Amino acid sequence: QVQLVESGGGLVQPGGSLRLSCAASGSIFSIYYMGWYRQAPGKQREMVADITRGGVTKYADSVKGRFTISRDNAKNMVDLQMNSLKPEDTAVYYCNGRGAFQAVGSGFWGQGTQVTVSS
């Protein structure tokens with residue numbers, strides 16, 4: 001019913017910047033929260049940032065001050081601006097969308113996009 005497609009991943013040097021985008025389609029009326037999660041090899045998937053339809057944001061401590069999440073409800077898109085990237089930011093990044101009554105970690109997921117931070 002809902003499809004999420006990420007774009008913008010790639011290889012970047014430490015200290016560099018990257019912008020990820022996620023486009024939602026389908027029954028998008030059901031999405032209240034949108035966010036970005038990431039998973040590195042050997043580690044659990046973690047929430048990076050999320051945002052409500054009203055624009056209330058939440059960030060993981062590890063990315064505060066470096067990453068910014070934004071949402072355009074009219075275009076059904078959510079972006080993640082990543083600045084001052086570190087090697088430990090290397091992971092597959094996934095876009096997530098869920099309804100107002102769905103639990104964290106549930107809902108709909110994009111296919112993932114690889115972000116690699118290396119010199």
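Basis for what follows: all heavy atoms, side chains included, without hydrogens, waters or symmetry-related copies. Given the structure is predicted, the values throughout are model-derived calculations rather than measurements.
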Interatomic distance, Q102 atom CD to Y33 atom OH [nearest 0.5 angstrom]: 10.5 Å

Between N96 and S106, is there a donor-acceptor pair closer than 3.5 Å when you use the side chain of the first and the backbone of the second? yes

List the atom of S62, the atom of R38, and the distance in Å for their closest heavy-atom pair. OG-NH2, 3.4 Å

Testing the basics here: between Q81 and S17, what is the closest heavy-atom pair and its distance to 0.1 Å? NE2-CB, 3.9 Å

Compare every heavy atom of S119 with every heavy atom of P14, then report the nearest pair and how far apart it is. CD-N, 3.6 Å

Between NZ of K86 and CZ of R66, what distance do you get to the nearest 0.5 Å? 4.5 Å

List, by chain and number, the other hydrophobic cluster members for V78, where Ile, Leu, Val, Met, Phe, Trp and Tyr join if side-chain heavy atoms come within less than 4.5 Å, directly or indirectly. V2, L4, V12, L18, L20, I31, M34, W36, V48, I51, Y59, V63, F67, I69, L80, M82, L85, Y93, F108, V115, V117

Nearest-0.5 Å distance, CD of residue Q3 to OG of residue S27: 8.0 Å

CD1/I28 to NZ/K75 distance, rounded to the nearest 0.5 angstrom? 13.5 Å

May I have the step-by-step check of salt bridge (Lys or Arg N to Asp or Glu O under 4.0 Å) for D61 and K64, ending in yes or no? CA-CA 5 Å; D61 288 340; K64 286 182 179 178; 3.1 Å; yes

Taking ring-ring contact (aromatic ring centres under 6.0 Å, His included) as the definition, give me every residue that meets it alongside Y37, ordered by chain and number, with sequence neighbours left out. W109

Side chains of V104 and R98: does their closest heavy-atom pair fall under 4.5 Å? yes

By the disulfide bond (SG atoms under 2.5 Å apart) test, which pairs, at least two apart or in different chains, include something from residues 39-93? none

Counting only heavy atoms not in Q13, do more than 12 sit closer than 6.0 Å to its CD atom? no

Nearest heavy-atom approach of T90 to Q114 is CG2-NE2, 4.0 Å

So do the side chains of S21 and M77 get within less than 4.5 Å of each other, counting heavy atoms only? yes

Contact check, side chains of S118 and L11, non-hydrogen atoms, under 4.5 Å: yes

Working to the nearest 0.5 angstrom, can you tell me the gap between Q111 CD and Y94 OH? 9.0 Å

To check you understand the geometry: which heavy-atom pair defines the closest contact between T113 and E6, and what is its length? CG2-CB, 4.1 Å

